[in-house]
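A quick note: this is a predicted structure, and the numbers were derived from the prediction, not measured.
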Number of protein chains: 2
Amino acid sequence: MAGIDTESPVPKYYQLKEIIRDMIEKEELRAGQAIPSEREFCERYGISRMTARQAIMELVNEGLLYREQGRGTFVAEKKLQQEAARLTSFTQDMRDRGMRASSRVLEMEVEPAGPVVARMLGVDRGTRILRLRRVRDADGEPMALETSHLLYEVAKGVLDADLASGSLYEELRKAGVRIARAEQSYEAGLVSEAEAGHLGVPAGSPALLIERITFDENDRPFEYVKSTYRADRYRVTTVLHP
Amino acid sequence: MAGIDTESPVPKYYQLKEIIRDMIEKEELRAGQAIPSEREFCERYGISRMTARQAIMELVNEGLLYREQGRGTFVAEKKLQQEAARLTSFTQDMRDRGMRASSRVLEMEVEPAGPVVARMLGVDRGTRILRLRRVRDADGEPMALETSHLLYEVAKGVLDADLASGSLYEELRKAGVRIARAEQSYEAGLVSEAEAGHLGVPAGSPALLIERITFDENDRPFEYVKSTYRADRYRVTTVLHP
DNA sequence: AAGTGGTCTAGACCACCGC
DNA sequence: CGGTGGTCTAGACCACTTA
């Protein structure tokens with residue numbers, strides 16, 4: 001990417017975005033380092049300042065860069081780049097937190113949907129559901145207790161996968177399920193007697209209860225998950241905008 | 001908000017943002033409805049198109065509006081607005097949940113920043129801080145206990161505002177503080193002996209602990225808030241994307 | 001054809017920062 | 001002081017939608 005092609009149907013500001021992204025990816029620019037100034041880009045590529053500005057502002061919005069009045073524009077740290085709440089698997093979530101994820105399957109059964117699960121997944125009561133109950137460990141110690149309810153039609157392709165080590169989402173993606181979005185809720189609760197042993201904390205300890213409904217690309221829910229996270233090991237951070 | 005004040009130090013594009021936000025809040029514009037065109041705003045307020053455009057683009061980025069090429073710009077549905085977790089005041093949050101917010105001020109003092117507050121706000125220890133401790137009620141019943149630490153330099157303009165009924169953010173916005181983003185974390189915990197009376201639940205009840213650092217448009221933190229929400233009345237929902 | 005948003009120009013003045 | 005980003009102007013041509 002040597003320069004900007006004026007003849008191209010691709011907008012100039014977009015070409016500049018790609019150029020800057022490339023520079024960062026190739027580590028010509030490192031985290032914390034200043035990128036060339038707006039006026040510098042104008043001269044170098046023969047574009048107007050507003051155009052250079054649009055490219056830079058969009059990258060700032062995406063979290064790749066940050067600006068400081070009077071000083072310059074800088075490459076953001078990786079952790080700042082992941083600001084927005086992303087839909088990730090437990091495996092990826094733990095990796096981001098610098099821990100190693102593993103799992104132990106407690107139960108795995110095909111059963112008819114009960115009233116709650118049927119409502120959450122928008123299917124008739126009695127529809128076949130794969131229920132999967134797992135202890136999720138981080139660095140070998142219990143982090144959460146998780147119960148997934150998957151549409152059997154979707155999940156049957158992953159029945160024989162090794163769910164102890166691998167990621168369910170990884171398996172689903174290989175099976176052609178494209179995840180579009182999820183609705184997730186956070187609530188505080190207490191660890192029950194039944195859960196205490198699996199989580200390795202006393203009953204009555206605080207716990208973060210997370211519920212999630214995951215939708216495929218046709219906006220159909222295919223998974224309903226309830227998790228109990230140990231409050232002493234887990235917190236959620238997000239960035240909010242006005 | 002009748003028009004745009006050319007003499008004001010507040011940028012024109014930001015004044016226009018406020019005007020559009022107001023129109024939506026007062027339901028002069030409803031979800032799915034088109035807002036005036038860019039050129040219409042230019043004429044109405046005597047500003048250039050790029051300025052009107054900047055205001056609109058930022059509101060699109062924030063999820064309040066969406067644009068369709070050749071058709072116009074429209075007000076987003078509420079549920080779409082909340083897709084990316086939005087930064088709202090307690091007052092607005094309760095309104096969205098169909099409840100009426102009110103507050104009781106427990107403490108309000110100017111004091112030097114301690115080590116934790118100083119670190120969270122990125123200032124020197126001893127910097128003057130306005131500490132505001134409030135019970136936040138929803139429909140007249142306790143919902144949360146909230147302690148705000150505000151930079152005194154920023155907060156002094158709102159000292160005499162009626163914080164019992166009004167929104168702190170509303171007051172800050174009137175005072176010219178422009179909120180850019182916030183970092184918020186969720187954690188589970190238990191209600192302490194000291195908090196139990198204020199919240200109207202027994203000590204040891206589950207509680208959602210929310211911490212927030214709010215940044216102005218220069219990326220300077222000006223507020224650090226710790227809140228304890230009753231788990232039986234409050235849960236947080238967000239939409240995640242892959 | 002008229003109106004919308006999408007892109008772009010070539011300037012301008014300002015506030016802030018570091019030297 | 002010179003350089004940076006922040007704001008703003010008054011135009012321009014384009015692609016797209018709707019009528």
Between atom CD in Glu38(A) and atom P in dC8(C), what is the gap in whole Å? 15 Å
Apply salt bridge (Lys or Arg N to Asp or Glu O under 4.0 Å) to Arg100(A) and list each qualifying residue two or more places apart in sequence or on a separate chain. none
Side chain to side chain donor-acceptor pair (under 3.5 Å) partners of Glu68(B), counting only residues at least two apart: Arg71(B)
So, is Arg53(A) near the phosphate of dG5(D), with a side-chain N or O under 4.0 Å from OP1 or OP2? no
Separation of dC13(C) atom C1' from Glu7(B) atom CD, nearest Å, is 15 Å
Output the rounded distance in Å from NZ (Lys17(B)) to C1' (dT7(D)). 14 Å
Mark yes or no for whether Ser148(A), through its side chain, and Leu150(A), through its backbone, hold a donor-acceptor pair below 3.5 Å. no
Return the polar atom pairs (N/O with N/O) between nucleotides 9-12 of chain D and the protein under 3.5 Å, or none.
residue : atom : partner  : partner atom : Å
dT9(D)  : OP1  : Lys12(B) : NZ           : 2.9
dT9(D)  : OP2  : Ser48(B) : N            : 2.8
dT9(D)  : OP2  : Thr51(B) : OG1          : 2.7
dA12(D) : N6   : Arg49(B) : NH1          : 3.1

With 3.5 Å as the limit, what N/O pairs link the protein to nucleotides 17-19 of chain D?
residue : atom : partner  : partner atom : Å
dT18(D) : OP1  : Arg71(B) : NH1          : 3.3

Can you tell me how far C1' of dG6(D) sits from CE of Met57(A), to the nearest Å? 9 Å
Taken in chain and number order and not counting sequence neighbours, the residues that satisfy salt bridge (Lys or Arg N to Asp or Glu O under 4.0 Å) with Glu27(B) are Arg30(B)
Check this for me, if you would: do Arg220(B) and Glu153(B) make a salt bridge, where the nitrogen-to-carboxylate-oxygen distance has to be below 4.0 angstrom? no
Could you pull out all residues at least two apart from Arg49(B) that satisfy salt bridge (Lys or Arg N to Asp or Glu O under 4.0 Å)? Glu38(B)
So does Ser37(A) get a side-chain nitrogen or oxygen closer than 4.0 Å to the phosphate oxygens (OP1/OP2) of dT4(D)? yes
Rounded to whole angstrom units, what separation is found between the CD atom of Glu40(B) and the P atom of dT4(C)? 8 Å
Could you pull out all residues at least two apart from Glu25(A) that satisfy salt bridge (Lys or Arg N to Asp or Glu O under 4.0 Å)? none
Can you sort out the partners of Tyr13(A) under ring pair (Phe, Tyr, Trp, His ring centres under 6.0 Å), two or more places apart, ordered by chain and number? none
Below 4.0 angstrom from OP1 or OP2 of dC8(D), is there any side-chain N or O of Gln54(B)? no
In chain order, what residues pass the side chain to side chain donor-acceptor pair (under 3.5 Å) check against Tyr224(A), with sequence neighbours excluded? Glu211(A)
Within this structure, what is the OH-to-C1' distance between Tyr45(A) and dT7(C), rounded to whole angstrom? 19 Å
Starting at atom CD1 of Ile35(A), determine the distance to atom C1' of dT4(D), rounded to an integer number of angstrom. 12 Å
In whole angstrom, give the distance that lies between atom CD1 of Ile4(A) and atom P of dT7(C). 14 Å
